[in-house]
Undergrad: 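Below is the structure I would like to discuss, written out as structure tokens.
Keep in mind that what you see is a predicted model, and the values were worked out from it rather than measured.
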Amino acid sequence: FDDPSLVLQLLKAPDAILKNDIPLFLSCSFGGRFYSLEDTWHPDLGEPFGVMHCVMCHCEPQRSRRGKMFGKVSCRNMKQDCPDPSCDDPVLLPGHCCKTCPKGNTHESLFEFFQEKDDDLHKSYNDRSYISSEENSNRDSAADFVAVLTGVMDSSGVARARFTLTRTSLTFSITFQRMNRPSLLTFLDSDGNTAFEFRVPQADTDMICGVWKNLPKSHLWQLEAEQLRVSMTTTDNKKEEIQGKVIKHRALFAETFSAILTSDGVHSGMGGIAMLTLSDTENNLHFILILQGLVPHGILVSAKVPVRVKLLYRQHLLREIQANISADDSDFAEVLADLNSRELFWLSRGQLQISVETEGQNPRQISGYISGKRSCDILQSVMSSGSALTPGKTGGVGSAVFTLHHNGSLDYQVLVAGLSSAVVGVTIEMKPRRRSKRSVLYDITADFAAAQEERGGGRALGSCGRVEARHIHMLLQNELFINIATAEQQESELRGQIQMLPYNGLDARRNELPVPLAGQFVSPPVRTAAAGHAWVSVDEQCHLHYEIVVNGLCKSEDTSVSAHLHGLAKIGEMDDSSTSHKRLLTGFYGQQAQGVLKDISVGLLRHLDEGTAYIQVSTKMNPRGEIRGRIHVPNSCELGSRGEVVEEAEFDDLVFVRDPAELRKDPHTCFFEGEHHAHGSQWTPQYNTCFTCICQKKTVICDPVICPALSCPHTIQPEDQCCPICDEKVEEDPEGCYFEGDQKMHAPGTTWHPFVPPFGYIKCAVCTCKGSTGEVHCEKVTCPPLTCSQPIRRNPSDCCKECPAEDTPPLEDDEMMQADGTRHCKFGKNYYQNSEHWHPRVPLVGEMKCITCWCDHGFTKCQKKQCPLLSCSNPIRREGKCCPECMGKFWC
């Protein structure tokens, strides 16, 4: 920048960790970070501005008059260098600067994405550089990490830990060998202090699943800087401990096979992991080894140690590779080319062994068996008629859950309901190579049994005992499908992609089958292209945990509705004539919704226990329900939910309601009316239901509901509402409208000022509930033109400015900042009045329309538009839109 001072003023984050190995006089400083000479980077302006992908900064070497070298930052806008796309409707992918032509085939784009990862495996692996933000855009802002844990105290154990960071939640899947099941998992910060503890539940398995919620910023930075460590200990007589460093690694994206490498020695402290993947087009096995303790102590850290990497089958040598490693760089990577049919068969059965052995007088060796990648994620599929080879609208549903075992066998549980005719085929397939030619891999029709009690339903339970290595690879890359054929639709009535659903802390999905959601279960039945399934459980505190996955929901193309929802989920009792036991769960976009409901009535808990409750997803096209499913959750909650009355949900994300003990520890928590509330949460206070409160860093702000002016001659005041409404007959619609801002249902025909956290009620807009459709229309208030030169706002919450009684000359700069009354704000070269909002301008970039700043009593605050997480792998950003969207996948 010619003058980067403005950008530096906008940086909100504390200073980042410095690169200690860069001499200060031979580096550039930008935004609290240091860069080496000739380094280039996209500037990160911190929240809410983020990374400027269209700006490239360069640390240019300069020489002073005395000949001394130093660095100087220069930045330029790259957008002018973008090539002209060859298509008529180019799109802007998240994390990119230049628009590109969309790829019409989602599967092919995924294929190319992982092919690029395979190509990357031919490059230097000793560089553990993380995939750039551009490549990472397809991961929906999730970041993966890995750790190898080896013995530090009387332990021969080795563990492999995989972590996924989504926003501020870190989920982990850990497998271990040669040790008893740990009882405690501890995260250690850069100073060796305990950052988080996880009590490992007792189980008869070598898998540990968990989540660290609400990571503080300091630990997020240390995680990104690879400065966190993780430790596991046992509390038995041995008191074993293993420990390892949490690192980023690019191979995690493409990994489909893995191995834990252990030593036969006692308390050796040696171990490692292997991450492997097959090429998408050839039978080449790419692998990366991360090794610990294999290089003996006392050897120089840079000294090369020769090793032999062997591929074995029942101790018979199949392949051997020689390489060199060192204490400071013990990673190793290679490609085993052209695996033959026997090697591929043994790979699929988990019978291939990989071994690493040092050469010399006292050789050290670690080894382990290769199997399909294991994690706490779940393989599942929702089958809908909208995803059939010939899309339709039958209202039927298919739900499937799969389990891949170490020996390559694949267990499946498939349930279908609401079909138009009898099932004649259940198959696991690849994507058709041509529209008319299916690629069937496994026919499991023989395991299907039709349901006796209902027409068009049934289930299949069984196992594929001979899944090929290539198909395991495709399964774990989300490249396989399950297809249901019926007598009337002999090619395909239902179809769904088999997808890995990331672990999010909900244990119900590992112990229970999901509940199918279908249009045929709605009263009256709905012939829809959509389907879904849901996991529901009730914990010891009588809090309800839910997770919903849908397929085929149509997203409205009516862009004039600013508050429309992709889906609206609720829970209630099966008797539609009763409205007393009905609860809205959430509105959501995308394919998933999950959360926790804590304030459940005794009546609804009783219906859950008796199996007379349902989950229903409503849409704009079907506001009375598009898909529904009956749920049965046995519980003993005669007195209702226990604990504070709080409801929170996060959608397409892995964030859950915080534990009360955690809330009390959080310094930003608010304490109000005897309850703790998390920072950023909002609720209706007990003292007056016509107020809405929000928590902003220990401060509770409660705003009264602002009622809009009504133009009708006669109004009435309903007992259950805060604002009067027009005394006119409206079309009967008991559903009303759900508005995401205040998270409330609004009666048909009512109008209100929207509540937008953290600003409160916005008087510059009026929203209306269209009762016939369930739509919410929000319009900006039009202010009258003014003739004065210096209009003012009478009150900070007023929308429109007014002319003062007498025109006064404008204040000078010093007078404006020192005048009595409400303080103004200066941003750049402009002054703004209190409560005024604007879009900031950044040098080289221009106006940031997706960021809104406002003046709060002399302090400038800015916030970026919050976007929902997407479940597709190819999101795009359209012209004039702030949030990415799924390309073509959810539009009907």
Undergrad: Is a donor on one side and an acceptor on the other found under 3.5 Å between the side chain of Q222 and the backbone of L228?
TA: no

Undergrad: If I compare all heavy atoms of I851 with all of P840, which pair ends up nearest, and what's the gap?
TA: O-CD, 3.3 Å

Undergrad: Could you tell me whether the side chain of K213 reaches within less than 4.5 Å of the side chain of T168, counting heavy atoms only?
TA: no

Undergrad: Could you walk me through whether F187 and N193 pass the side-chain contact (heavy atoms from CB on, under 4.5 Å) check?
TA: CA-CA 8 Å; F187 287 85; N193 299 319; over 6 Å; no

Undergrad: Ignoring hydrogens and geometry beyond distance, is a side-chain donor-acceptor pair present between D189 and Q227 at under 3.5 Å?
TA: no

Undergrad: What's the spacing between E675 CD and C670 SG if we round to 0.5 Å?
TA: 12.5 Å

Undergrad: Atom SG of C59 and atom NZ of K72: how far apart are they, to the nearest 0.5 Å?
TA: 11.5 Å

Undergrad: Is there a side-chain contact (heavy atoms from CB on, under 4.5 Å) between C855 and W838? Walk through the geometry before answering.
TA: CA-CA 9 Å; C855 179; W838 69 93; 4.1 Å; yes

Undergrad: If you take all heavy atoms of C75 and V55, which pair is closest and at what distance?
TA: CB-CG1, 4.0 Å

Undergrad: Write down the atom of W752, the atom of C769, and the distance for their closest heavy-atom approach.
TA: CZ3-N, 3.6 Å

Undergrad: Considering only heavy atoms from C-beta outward, does the side chain of H753 approach that of V766 to under 4.5 Å?
TA: yes

Undergrad: From T164 OG1 over to L252 CG, what is the distance, rounded to the nearest 0.5 angstrom?
TA: 8.5 Å

Undergrad: Could you label the plane-to-plane angle of the H837 and W854 rings as parallel, tilted or perpendicular, counting under 30° as parallel and over 60° as perpendicular?
TA: parallel

Undergrad: Enter the distance from C97:SG to M52:CE here, rounded to the nearest 0.5 Å.
TA: 11.0 Å

Undergrad: On a heavy-atom basis, which atom in T860 and which in C853 lie closest, and how many Å separate them?
TA: CG2-CB, 4.4 Å

Undergrad: Give, for atom CG of D144 and atom CG of L165, the distance between the pair rounded to the nearest 0.5 Å.
TA: 9.5 Å

Undergrad: Heavy atoms, side chains only, cut-off 4.5 Å: are I548 and Q592 in contact?
TA: no

Undergrad: So do the side chains of W41 and V73 get within less than 4.5 Å of each other, counting heavy atoms only?
TA: yes

Undergrad: Run N504 and T166 through side-chain contact (heavy atoms from CB on, under 4.5 Å) and show every step you take.
TA: CA-CA 10 Å; N504 60 4; T166 308; over 6 Å; no

Undergrad: Please find the pair of heavy atoms, one from K99 and one from P90, that lie closest to each other, and give the distance.
TA: CB-CB, 3.9 Å

Undergrad: Just wondering, do K248 and F163 contact through their side chains at under 4.5 Å, heavy atoms?
TA: no

Undergrad: Working note: Q863 + T852, criterion side chain to side chain donor-acceptor pair (under 3.5 Å); need CA distance, chi angles, decisive distance, verdict.
TA: CA-CA 6 Å; Q863 186 176 55; T852 300; over 6 Å; no

Undergrad: Do you know which two heavy atoms are closest between C695 and H677, and how far apart they sit?
TA: SG-O, 3.7 Å

Undergrad: Measuring only between side-chain heavy atoms, which start at C-beta, is K801 closer than 4.5 Å to L786?
TA: yes

Undergrad: Yes or no on side-chain contact (heavy atoms from CB on, under 4.5 Å) for H839 and E847, after CA distance, side-chain angles and deciding distance?
TA: CA-CA 6 Å; H839 296 302; E847 187 179 33; 3.4 Å; yes

Undergrad: Taking the six-membered ring for Trp and the full ring for Phe, Tyr or His, determine whether the centres of H219 and W212 are under 6.0 Å apart.
TA: yes

Undergrad: Would you say that L223 contacts L170 through its side chain, given a criterion of any heavy-atom pair below 4.5 Å between the two side chains?
TA: yes

Undergrad: So do the side chains of M848 and K864 get within less than 4.5 Å of each other, counting heavy atoms only?
TA: no

